[in-house]
Amino acid sequence: MVEPVGNHYIVARPVYSENSFDEEHEKLHRYHKNFWDNLKLYFRCSRQKAKRIALRFFPIVSWLPAYRFREWILSDIISGINTGLVSVLQGLAFALLVNVPPGYGLYAAFFPVLVYFIFGTSRHISVGPFPVLSLMVGGVVVRLVPDSTVNDTSTNTSIIDQERVMVAASVTFLAGIIQLLLGIIQFGFIVIYLSHSLISGFTTAAAIHVLVSQLKFMLQLSVPGYNVPFGIIYTLESVFSQIKDTNIADLLTSLLVLLIVFVVKELNDRYKAKLPAPIPIELIVTVLAALISHFLEFEKRFNVAVVGKLEEGFQAPVAPDIGILQKCIGDSISIAIVAFAVAFSVAKVYSIKHDYPIDGNQELIAFGLGNIVGGAFKGFASSTALSRSGVQESTGGKTQIAGIISAFIVLIVILAIGFLLEPLQKSVLAALALGNLKGMLMQFKEVGVLWRKDKYDCVIWVVTFLAAVFLGLDIGLATAVAFELLTVVIRSQFPSCTILANVGRSNIYRNRKDYTDIYEPEGVKIFRCSSPIFFANIEFFKEKLITAVGFNPLRILRKRNKALRKIRKMLKKGELQVTPKGFICMANQTHESDEELDNNRIEELDQPTSMTDLPIRIDWSSDLPPGITVPHVNIHSIVLDFSAVSFLDFSAMRVLQKVIFIAETDKGFLEKLERCEFFDEEIKPSMFFLSIHDAVLHILLKKDTAPKLKLTEKGTSKDYIINTSNGLRSRENTVSLLFPAVPLQPHRNH
């Protein structure tokens, strides 16, 4: 019964154990599906399930019929035009990162958009090239088709370009296959292993790689690609060794473009609330640069590198090269995961902002099919660029209709007006690529924030950044994920363990070091572990518990069993007599070594103490016969709060069973303990209580009925109390476990 009294409440109920609570309250017995049940359900066919799968696999069927044409079409058209112009320029610029002719970037900005329109679930992201992915694909391209094989003749250059296009297309195709398979087997949860800190550090490192890779276009130097560990150092060494050969016209042009882009983007950010749409500075700069380069004949007068002839129309689809696929499996896996992680993170932001659901598995399928189609038409890996998606959303885009319109703009460039970009300098495209890195480079600010909030996350960021910068993006990503998982193991291997006390004489238990108004029942310790207990941290848990109680239960048990051996031997020889007042020693004090007493039976010392054959029960807190000493124990009960223990593995259970009597937190764990034959005559399910307070009250009640608690096997074997479930604390789901001092001993062998 609960009675509210002002801002207080009064609860009147019995002290419950788990068994007594279940006896008083009828419990529903639920059937928990096993693996085979779920498998049968997954492959079961029905009309409703087929319809549900079709709607999930083709999201366009759900949202397109509900499209609000009059309200949304104008916004989508404006957004699509702006996004399409940005997609054209970013496609050309990011193609330089892939080390393929710029025109192929237009294919990467076109085909994936069409596929995502049908299969994607996000309404606001803009699908297409992403600088990090472009750089990762470019690393594979340079490794398989190195610059050293390129001669000065235009024929050989064309052949090398075609080989590189084929490598980029094959890698993209394989990455798409991997994404599609992961989506089909419902593996979308894989993104949870890429934390925000890891993604932030990785993309920042990728921005550094992009910056370094574009130096050769800004300076117009012949710098070979190095897709090896510490390749960034070799690249910088090559750049600085040729710095005297810099093309001043390209350098000045790129610096001027970079300055203009940064300034205007800053103005867009600062006055975005007042501007009807962001200033399309990339488009303005590109048009002006192309016109100036054409009419002033920069290519002839200053020998600058230009985009050159762009092929009109589309090329026939090609099958991937099997030989290339065999050499880039690991790279394709990294590209597939990074592409999905970045796109899903951006899509999640917009889905939360505009309140609509997205499906991670369907996103994998959409991007997988997009990369398969894009790779078949000689494009390269696609995801979503943060800046391009920001343009689509901020200019009023409502649905992927805006994406289709942006693809139409790219199509116009591919089919009709691509020739207008032929005189454009490559250094301008390099500057535009760097201009889109501002957001990534500004992520350096997160280091200080993470250090103040969570040092583990800060270390993950730094390690990810350094590994990706110096080891390369592929090896760096694998290293970062391994290190991130290692930090999880480390944090759970050394859990926080505290001693709790009753605060304010209520049913609330907190860390005894944090409060002054605390109450600790005499002889009771309340110990809290805030981590799963498993093979890696069981020894740490034991050490902390022994430190908390102030004695080693195994040592106490062995001392008592040795004392009982001596007492039995003295009684047998008549050297000790029993009187109502205690023991009387009839002989001189003798000393025997531990080795003599052990008599090769050390395992017997680890068994529970037994006094059934003695004429008197031993009170270990009173005086013992001369020559027999046993450490005095002031604790009669220990409460173990396992509210934060989410699981207990079998290895930990075996160790704990040999050292202390312990149990898990909820009914699921109780069932697991029963399956593992954890319970016996001494440790029973009836020892579990509903809360810490129930356990403590039970101790106090037993202490009132037995004021002189004898620390003997017979006297305490019924005092084993294990308490789990919901405790009355400030946090939810408090769990506790209660043991007297004597049970802190090795369990007998079964």
Side-chain angles (χ1 to χ4, degrees), residues 84 87-118 127-130 133-134 136-138 140-142 144-145 149-150 153-177 180 306-325 327-328 332 335 339 367-383 403-404 406-424 426 429:
S87 296
V88 169
L89 301 176
Q90 289 188 350
L92 296 172
F94 297 160
L96 300 181
L97 301 177
V98 187
N99 295 286
V100 296
Y104 290 92
L106 298 178
Y107 302 151
F110 176 73
F111 289 105
V113 178
L114 302 180
V115 176
Y116 192 85
F117 175 76
I118 300 172
V127 180
F130 179 58
L133 291 182
S134 301
M136 295 177 74
V137 175
V140 183
V141 169
V142 170
L144 298 183
V145 188
T149 62
V150 179
T153 62
S154 60
T155 302
N156 286 334
T157 300
S158 177
I159 294 174
I160 294 301
D161 284 342
Q162 291 303 315
E163 291 179 0
R164 289 183 166 182
V165 167
M166 195 63 199
V167 170
S170 299
V171 172
T172 300
F173 188 91
L174 182 56
I177 291 291
L180 179 61
V306 297
V307 170
K309 182 176 178 56
L310 294 177
E311 297 185 11
E312 294 184 359
F314 299 101
Q315 299 186 19
V318 294
D321 189 315
I322 301 300
I324 295 174
L325 297 181
K327 298 177 183 178
C328 60
S332 297
I335 291 169
F367 281 106
L369 292 174
N371 281 322
I372 290 173
V373 174
F377 283 92
K378 298 186 178 181
F380 48 84
S382 66
S383 177
I404 284 293
S406 71
F408 181 72
I409 300 297
V410 177
L411 179 64
I412 293 175
V413 175
I414 294 174
L415 297 179
I417 62 174
F419 67 92
L420 297 177
L421 298 174
E422 292 179 4
L424 183 65
K426 288 185 177 181
L429 294 178

Using only atom types and a distance under 3.5 Å, with no angle test, would you say the side chain of S383 pairs donor to acceptor with the backbone of A339?
yes

Is there a side-chain contact between [X] and [Y] in this structure, where contact means two heavy atoms from C-beta onward sitting under 4.5 Å apart?
X    : Y    : value
I404 : F408 : no
S87  : I409 : no
F314 : L415 : yes
N99  : V145 : no

Between atom [atom1] of [X] and atom [atom2] of [Y], what is the distance when rounded to the nearest 0.5 Å?
X    : Y    : atom1 : atom2 : answer
S332 : I177 : OG    : CD1   : 10.5 Å
L325 : F173 : CG    : CZ    : 8.0 Å
L369 : F111 : CG    : CZ    : 14.5 Å
D321 : K327 : CG    : NZ    : 8.0 Å

According to side-chain hydrogen bond (donor to acceptor under 3.5 Å, both in side chains), does anything in residues 102-115 pair up with another residue at least two apart or in another chain? List the pairs.
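Checked against side-chain hydrogen bond (donor to acceptor under 3.5 Å, both in side chains) - neighbours excluded - the pairs reaching residues 102-115 are Y104-Q162, Y104-Q315.
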
Closest non-hydrogen atom pair, [X] against [Y]:
X    : Y    : result
F377 : P317 : CE2-CD, 3.7 Å
L96  : P102 : CD2-CG, 4.2 Å
I324 : S170 : CG2-CB, 3.7 Å
I372 : G176 : CG1-C, 3.7 Å
L144 : V167 : CD1-CG1, 3.8 Å
A169 : G375 : CB-O, 3.2 Å

List the residues meeting side chain to side chain donor-acceptor pair (under 3.5 Å) with S382, not counting sequence neighbours, and say none if there are none.
N371

What residues, two or more places apart in sequence or in another chain, satisfy ring pair (Phe, Tyr, Trp, His ring centres under 6.0 Å) together with F367?
Y116

Applying side chain to side chain contact (heavy atoms under 4.5 Å, CB included) to V413 and L421, what does each step give before you reach the verdict?
CA-CA 9 Å; V413 175; L421 298 174; 4.3 Å; yes

